[in-house]
There are 2 protein chains.
Amino acid sequence: MIPKRREEEIRVSDSTVRRLSAYYRILAEFVERKETTISSYDLAEGSGATPARVRKDLSTFGQFGKRGTGYDPRQLLAEIRSILGLDRKWRVGLVGAGNLAHALVAYKEFEREGFVIEAVFDNDPAKIGQLWGKLLVEPMERLGSLSRERKLTIGIIATPAGAAQDVAERLVGAGIQGILNFAPRKLTVPDHVTLKNVNLAIELEGLSFALK
Amino acid sequence: MIPKRREEEIRVSDSTVRRLSAYYRILAEFVERKETTISSYDLAEGSGATPARVRKDLSTFGQFGKRGTGYDPRQLLAEIRSILGLDRKWRVGLVGAGNLAHALVAYKEFEREGFVIEAVFDNDPAKIGQLWGKLLVEPMERLGSLSRERKLTIGIIATPAGAAQDVAERLVGAGIQGILNFAPRKLTVPDHVTLKNVNLAIELEGLSFALK
DNA sequence: TCGTGTGAACGAATTCACAGCG
DNA sequence: CGCTGTGAATTCGTTCACACGA
């Protein structure tokens with residue numbers, strides 16, 4: 001209802017952002033089911049948080065609820081969409097045209113949230129020129145020119161570990177603002193570029209530790 | 001050097017486990033390069049932690065370093081391998097034979113750390129019977145019998161969201177101990193089964209928030 | 001001397017508990 | 001009354017700083 005003024009320089013932790021993502025998905029379900037209210041208890045149950053935590057998270061950004069009633073799913077969904085920056089289109093370039101890239105291109109969730117893969121690059125002649133849906137697999141040489149031409153803002157690295165740092169530098173050189181790295185290698189990028197890493201092995205190691 | 005007695009019921013946070021995974025990879029590089037020592041500063045730099053944090057993390061499990069010198073990479077690698085439970089073989093069943101599954105089967109890191117994919121399942125007749133390297137794509141009906149036959153302990157769900165809960169229940173029924181879920185759906189499993197979720201969209205949403 | 005191991009200090013995240021409002 | 005919004009209390013994770021031993 002009353003969003004907080006943006007200039008207050010709110011500090012938001014990484015875990016808060018991850019929870020907002022979780023709330024976002026629960027809200028989408030509630031809207032889908034045409035529910036007219038949702039409580040912090042509902043959001044807590046679906047996301048694994050506590051009701052107090054949910055309310056604290058939301059209150060960071062404004063006062064969106066009605067006391068005694070709860071939140072309006074449709075409205076809160078819109079608020080969180082805006083908070084997460086999902087109310088705009090993100091043009092994404094995907095580097096490395098392997099199986100993981102294939103999976104990412106096929107991942108419906110991305111498009112739904114405004115992440116549109118606008119280009120796929122690889123340096124394997126056997127892959128260059130392949131048609132992936134509407135996308136043509138492009139040679140690495142075109143990364144710079146196409147990034148600018150198609151106004152890409154996010155790059156996804158889905159190459160083998162050995163190529164990752166080089167690819168990151170090319171992406172930075174092409175003016176990309178954020179990088180999502182799936183290669184199991186620590187990358188170095190300038191401060192003005194945001195880097196997120198996903199390491200599939202870490203999750204399995206977490207399971208291994210828990211089961212041991 | 002002196003590992004801590006295990007019965008002390010040490011509480012280890014999720015973030016500690018994730019950092020141990022990071023140290024593990026740095027140590028593997030040091031061993032590869034035949035370095036004879038590694039300090040908490042080296043481990044901190046490579047993992048994004050602080051030296052104090054590294055030492056605290058390690059001291060949770062024992063005293064592995066030499067004062068004034070550092071740690072022996074080979075020895076510390078072995079310790080962490082044991083702590084993470086990577087000193088044994090984990091037999092993994094993969095459900096859903098799509099592109100993501102393909103990527104996971106091809107992911108070299110898994111095998112290297114003891115995670116061996118022993119079976120792949122799908123319910124699509126077009127996929128059943130396909131040969132993936134040495135693996136035959138099996139029909140879902142065989143999940144129970146094959147899980148037991150091949151002593152699978154971990155199940156990976158790489159199906160569409162709609163099938164995930166059903167698959168999880170079949171895995172639980174087949175006696176699996178841990179589940180790694182890639183489907184964007186909240187799953188319910190009994191307490192004795194460990195569940196880890198990986199949601200590819202969450203990471204992109206984090207980027208979106210940071211860039212907005 | 002150098003870097004570990006660790007209690008103590010600190011800061012961040014979470015939970016408690018209740019005032020406030022529909 | 002029911003559920004939000006939020007200070008206060010608490011728990012948990014991190015950093016500091018230094019004693020200790022190689």
Side-chain angles (χ1 to χ4, degrees), chain A residues 1-5 8-23 26-27 30 35-73 75-77 79-80 83 206, chain B residues 1-5 8-23 26-27 30 35-73 75-77 79-80 83 206:
Chain A
M1 210 45 107
I2 304 160
K4 214 157 264 189
R5 285 170 304 140
E8 277 174 40
E9 264 309 315
I10 324 159
R11 197 179 312 287
V12 183
S13 75
D14 210 69
S15 37
T16 296
V17 177
R18 297 182 80 89
R19 282 192 301 268
L20 288 176
S21 292
Y23 306 156
I26 299 163
L27 284 163
F30 269 62
E35 305 280 348
T36 57
T37 59
I38 186 167
S39 70
S40 58
Y41 295 81
D42 297 325
L43 287 165
E45 191 192 349
S47 67
T50 62
R53 188 95 285 288
V54 171
R55 298 199 298 275
K56 264 261 154 73
D57 283 339
L58 297 177
S59 76
T60 311
F61 301 98
Q63 304 183 171
F64 305 122
K66 278 189 179 56
R67 292 171 191 233
T69 310
Y71 304 87
D72 173 37
Q75 182 208 333
L76 189 55
L77 184 72
E79 292 287 358
I80 293 184
I83 291 165
Chain B
M1 213 45 108
I2 305 157
K4 213 157 266 189
R5 282 171 304 140
E8 278 175 37
E9 263 309 314
I10 324 159
R11 197 180 312 289
V12 183
S13 75
D14 210 68
S15 36
T16 296
V17 177
R18 296 182 80 87
R19 281 192 302 268
L20 288 175
S21 292
Y23 306 155
I26 299 163
L27 284 163
F30 269 63
E35 304 280 348
T36 56
T37 59
I38 187 167
S39 70
S40 58
Y41 295 82
D42 297 325
L43 287 165
E45 191 192 350
S47 66
T50 62
R53 188 96 285 288
V54 171
R55 296 199 299 274
K56 264 263 154 71
D57 282 340
L58 297 177
S59 76
T60 310
F61 301 98
Q63 305 183 172
F64 305 122
K66 278 189 181 56
R67 294 172 189 229
T69 310
Y71 304 88
D72 173 38
Q75 183 208 332
L76 189 54
L77 183 71
E79 293 287 357
I80 293 184
I83 291 165

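Residue numbering restarts at 1 for every chain, and letters A, B, ... go by the order of the sequence lines.
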Could you go over nucleotides 8-13 of chain C and give all protein N or O partners under 3.5 Å, atom names and distances?
from, atom 1, to, atom 2, distance (Å)
C/dA8, N6, B/K56, NZ, 3.3

Protein proximity profile, nucleotides 17-22 of chain C - base contact B, sugar-phosphate-only contact S, no contact -, cut-off 4.0 Å on heavy atoms: B-BBBS

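Here A/S40 reaches the OP1 or OP2 of D/dT4: one of its side-chain N or O atoms lies under 4.0 Å away. At the phosphate of C/dT6, OP1 or OP2 sits under 4.0 Å from a side-chain N or O atom of B/Q63. Under 4.0 angstrom from either OP1 or OP2 of D/dG5 there lies at least one side-chain N or O belonging to A/Y71.
Taking the side chain as every heavy atom from C-beta outward, A/L20 and A/F61 approach each other to under 4.5 Å.
Residues meeting the salt bridge (charged side-chain N to carboxylate O under 4.0 Å, His left out) test with B/E45, sequence neighbours left out: none. Applying the side chain to side chain contact (heavy atoms under 4.5 Å, CB included) rule to B/T37 yields the partners B/T69; only residues at least two apart in sequence or on another chain are considered. With sequence neighbours excluded, the residues that form a side-chain hydrogen bond (donor to acceptor under 3.5 Å, both in side chains) with A/D42 are A/S39. Every side-chain hydrogen bond (donor to acceptor under 3.5 Å, both in side chains) that B/R18 has, sequence neighbours left out, goes to A/E203. Contacts of A/R19 classified as side-chain hydrogen bond (donor to acceptor under 3.5 Å, both in side chains), with partners at least two apart in sequence or in another chain: A/T16, A/D57.
Rounded to a whole Å, the CG atom of B/L76 is 12 Å from the C1' atom of C/dT4. Distance A/L58 CG to C/dT14 P: 14 Å, rounded to the nearest Å. What separates CZ of A/R18 from P of C/dT14 is a distance of 13 Å, to the nearest Å. Rounding to whole angstrom units, CZ of residue B/F64 and C1' of C/dT6 are separated by 15 Å. What separates OH of A/Y23 from C1' of D/dT4 is a distance of 14 Å, to the nearest Å. A/D72 has its CG atom 13 Å from the P atom of D/dT4, to the nearest Å.
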For a side-chain contact (heavy atoms from CB on, under 4.5 Å) check, start with the C-alpha distance between B/L27 and B/L43, then their side-chain angles and the critical distance, and finish with the verdict. CA-CA 8 Å; B/L27 284 163; B/L43 287 165; 4.1 Å; yes

The test is side-chain contact (heavy atoms from CB on, under 4.5 Å); show your working for B/I80 and B/L58 and say whether it passes. CA-CA 9 Å; B/I80 293 184; B/L58 297 177; 4.2 Å; yes

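For the segment residues 43-51 of chain B, residues with any heavy atom less than 4.0 angstrom from an atom of DNA chain D are, sorted by number, B/T50.
Here the shortest heavy-atom pairing between B/I26 and B/S47 reads CD1-N, 3.6 Å. The minimum heavy-atom distance linking B/Q75 with B/F64 is given by the pair NE2-O, 4.1 Å. The minimum heavy-atom distance between B/S40 and B/Y71, with the atom names listed, is N-CE1, 4.0 Å.
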